[in-house]
Every structure is written in structure tokens, then in C-alpha cells.
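Here the structure is a predicted model, which is why all the values come from computation and not from measurement. Just follow the structure's listing: the first ligand is 1, and inside any ligand the first atom is 1. Worth knowing before you read on, the calculation uses all heavy atoms, side chains too, and leaves out hydrogens, waters and symmetry mates.
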Amino acid sequence: MRRFRAKASKATQAQSRLKELNRMQEIAPAHIDSPFRFHFPKLDQLPNFLMQVEALTIGFDAPLVQKINLAVRSETRIGLLGFNGSGKSTLLKVLAQQLEPLAGDITRAKKLKVGYYAQHQVDELNQQSTPFELIQKLDPKASAQEVRNYLGGFDFRGDRINEKIGIFSGGEKARLALAKVVRSEPNLLLMDEPTNHLDLEMVHALTVALQEYEGALIIVSHDRHLLSNTVDEFYSIHQGVFAEFKGDLKEYEKWLSKQQTPGQDNPATSNAGSPEQKLDKKQQRQQAAAIREQRAPLRKREKQLERDIDRLNKELGKIEVLLADSALYDDENKAKLTKALQQQGDLKTELAKTEEAWLEVLEQLGV
Ligand SMILES: Nc1ncnc2c1ncn2[C@@H]1O[C@H](COP(=O)(O)OP(=O)(O)O)[C@@H](O)[C@H]1O
Ligand SMILES: [Mg+2]
């Protein structure tokens, strides 16, 4: 039964996000003069499974964070918390393949499309290029008018779209960097402090756009309103440990205030770790090894079920194409139609069963 509760709680979270969205749309008149309004494109590729991170160690010369495990699925929405310097940006960089991990594995879905907004994204724009060129390069098939309309949503209008990026203000460059990421149609969005340099209206537009966004999201932000309105769960990096934080932002702050701040030497709390890491190093190692051993066959089954789901979806797709043909509804094709409908029913039942089994495996894996 637990999995239904897990599912139900995800659904509730999604619902409260929706409610919030409605509320934000109601208050939108206050923002009616806002020059900013944009949406993430509708996704035609959103695989259930996007990324599996296993026993990942990140850092530079020395490890910063170890044993990072994380499953990223289409519905994943994570707020990543931690002190300055704890390794949040480093982790996003590794997930975005901008930096090699020190150890561990990342498995990526074939159809994964990462949109990465780096903390210093603004400096990474080609300063010699123009907004128009930047967007057109991403989408060469778009007409000039479409590109102009799109840039209008980020308040780049008229001649501005043909000016060199180098002369723009920090805020304008941030908006442009955002326009670039949004246009790339990501199904996994990795955002590192996206509100730096943005004004309030633009932060609002971003919040609304992220609420509507259909893909998966991992976001680092000091903006509590943005975080609490766009994510469903929190993870923290604390003293080299990456772990889920089971609580809201208020609880996190309370918990944090009880922790040792970096640089302080406070033996009374130095072993505190995160709420879930009260074991000593050796116990942690043993536990991790035991968990890995237990999980291997489950992982295999998970992969198999994912392949099955994929296959069933494809077969269903084919039947649906068949059923869309109006000739099938002619009298002489009655037998064919009956057969197709029968197959469709069977496939749907099988798909539901397979998804159920898959959820069960996920539950056992604790993801
Ligand atoms: N290119 C780099 N080379 C060496 N150390 C780095 C580099 N980038 C960041 N660091 C260090 O790694 C640590 C984590 O940085 P970062 O991931 O940016 O933290 P956060 O985003 O959580 O504030 C910091 O101590 C930082 O100084
Ligand atoms: Mg950072």
C-alpha cells in the first residue's frame, strides 16, 4: 500500500503547485504591465526515466561530496540546498557534463535533453553575437518573426535584438541567457541561482514558467519564494554528504541553525551530519555496501520494466495510428476494427500492470 501513498503524496504536491499556479495567475493583473512573459516549449520527448546517479564523487583535487545517489525521473523537482562552497554548483556542473566526476556513474536516458543555467551563465554568452543570432542559431528553422516574438517575451524589442550582447547590462544578459536555455527545449532543467541579476518582474515570470514546466527540475536558489513554488522535494549537501531533506524550507533553516557552520570547530556538533546520517563512517560504508548488493537485481528488473513500458507504449502508438484511419470504420473493415480495439485494450491492461510493477520496484529501491 505504501506505494499508493507515495504516489498520492506526489499527486498532492503537484496539485498544490497547480493551486499556487492558479493563484499566481489570479494575481497576475498586478503584473499586467510586466514586459516579461514566457513559457517553456511543450515537450514531445519526456521519457519516464532521465538520469541515474550512482556512487558519484565530485570535487577538484580532493573530493567535495561523496556517494551521491539520485534517480531523476520526469516528475522530479528538486531544490538543492547547502552552505556556500558546499558543492552545489559543482554537482550541477557534473550533471550537465561540464565537469568530470572523480568517481561513480551517471546513466543518461537516450532522449535526455539537459538545459543548464550556470551560476555565471551571463559571462558565457558570446559577447560578439546578438540576441537575434543567439536564438536563431538554436532554432534555424524558426522564421525571423518567430524569433522576434520569442525575444519580445523576454523584453528584447525593436533594434535591441540586433545589438551586440557585449553592450548589454547584467540584467539583460541574464534574461538572454534564460531565453537561450528555455529555447533549447530541455526535459531536464539544471538551474544554478537563476535569479541573480533578474528584477522582480522577471523572477515572477520565471516562477510562473517553471510552475508550468513539464520536465524535471533541479534548482539551486536563495530565493525562497521561487523554491517553495517550483519544487516538490529538497536535497542538501552538508559536510560532504548529499541527502534528501525531509522537511520544508523553514525546517531546513531551523535544522541548519543547529549545525556547525563551515570553518567553526565545534566538537559538540561535528558529527551531526544531516538528519539521516547519524551513523559513523564505518557503519555508513557497511550500510552502503549492503544496500548496493541488495539493489543490483532490483536495478536489473527496473531496467527491464522500463524497456517493457517503452515497447508497450510504442505498440499502443501504432494501434492508435491504425484507429485514426477513418477507413477502418467502414462496414467491410468491421473485423479489423474489432481486432484493433481488442489489441488496444489488451495493451492498455498490460501497460498498467507493467507500470504498477515498475512503481513497486522503485518503491523497493527507495527512489
Ligand atoms: N574550478 C575549481 N577548481 C578548484 N576548486 C573549485 C573550483 N570551483 C569551485 N571550487 C571549490 O569547490 C568548492 C565548492 O564550490 P561550489 O560548488 O561553487 O559551491 P556552492 O555552489 O555550493 O557554493 C568551493 O570550496 C570552491 O572554492
Ligand atoms: Mg554555487
Requested in this report: Ignoring hydrogens, tell whether any protein atom lies closer than 4.0 Å to atom 27 (O) of ligand 1; use the non-hydrogen atoms only.
Outcome: no
Query - Option passing side chain to side chain contact (heavy atoms under 4.5 Å, CB included) with Ile58 (candidates Leu99, Ile68, Leu102) - result: Ile68
Report task. Would you confirm whether Ser257, through its side chain, and Lys254, through its main-chain N or O, come within 3.5 Å as a donor-acceptor pair? Result -> yes
Report summary line: atom 18 (O) of ligand 1: closest protein heavy atom, distance to 0.1 Å, is Ser89 CB, 3.5 Å
**Report entry** Shortest protein heavy-atom distance from atom 10 (N) of ligand 1, along with the residue and atom involved
**Finding:** Phe60 CE1, 3.3 Å
Query raised in the report: Does atom 14 (C) of ligand 1 have a protein heavy-atom neighbour under 4.0 Å away?
Result: yes
Requested in this report: Could you count the protein N, O or S atoms found under 2.8 Å away from the Mg ion (ligand 2)?
Outcome: 2
Query raised in the report: Any chance the side chains of Thr130 and Asn162 put a donor and an acceptor closer than 3.5 Å?
Result: no
Requested in this report: Using atom types as modelled and distance alone, determine if a side-chain donor or acceptor of Asn229 lies under 3.5 Å from a backbone N or O of His225.
Outcome: yes
Query raised in the report: Heavy-atom count around Glu100 CD within 6.0 Å, excluding the residue itself: above 12?
Result: no
Report task. Look at atom CZ of Arg301 and say whether more than 12 heavy atoms of other residues, nucleotides or ligands are closer to it than 6.0 Å. Result -> no
Report task. State if Gly87 counts as touching ligand 1 under the rule of any non-hydrogen atom under 4.0 Å. Result -> yes
Report task. Check Leu43, Leu46, Asn187, Leu188 against Ser74 for a side chain to side chain contact (heavy atoms under 4.5 Å, CB included) and give me the one that passes. Result -> Leu46
**Report entry** Side chain, backbone, both or neither: Leu64 near ligand 1, heavy atoms under 4.0 Å
**Finding:** side chain
Query raised in the report: Does a sphere of radius 6.0 Å around NZ in Lys303 hold more than 12 heavy atoms from other residues, nucleotides or ligands, not counting ones at 6.0 Å or beyond?
Result: yes
Report task. Give a yes or no answer on whether the side chain of Glu172 reaches the backbone of Ser169 with a donor-acceptor pair at less than 3.5 Å. Result -> yes
**Report entry** Closest protein heavy atom to atom 23 (O) of ligand 1, given as residue, atom name and distance to 0.1 Å
**Finding:** Gly85 N, 2.7 Å
Report summary line: The ring pair (Phe, Tyr, Trp, His ring centres under 6.0 Å) partner of His238 among Tyr252, Phe245, Trp255 is Trp255
Report task. Output the list of atoms in ligand 1 that are nearer than 4.0 Å to some heavy atom of Phe83, sorted by atom number. Result -> 22 (O)
Report task. Just jot down the ligand 1 atoms closer than 4.0 angstrom to any heavy atom of Asn84, in number order. Result -> 23 (O)
Query raised in the report: Can you tell me how far the OH atom of Tyr117 sits from the CG atom of Asp192, to the nearest 0.5 Å?
Result: 9.5 Å
Requested in this report: Starting from atom 16 (P) of ligand 1, find the nearest protein heavy-atom neighbour and note its residue, name and distance.
Outcome: Thr90 OG1, 3.6 Å
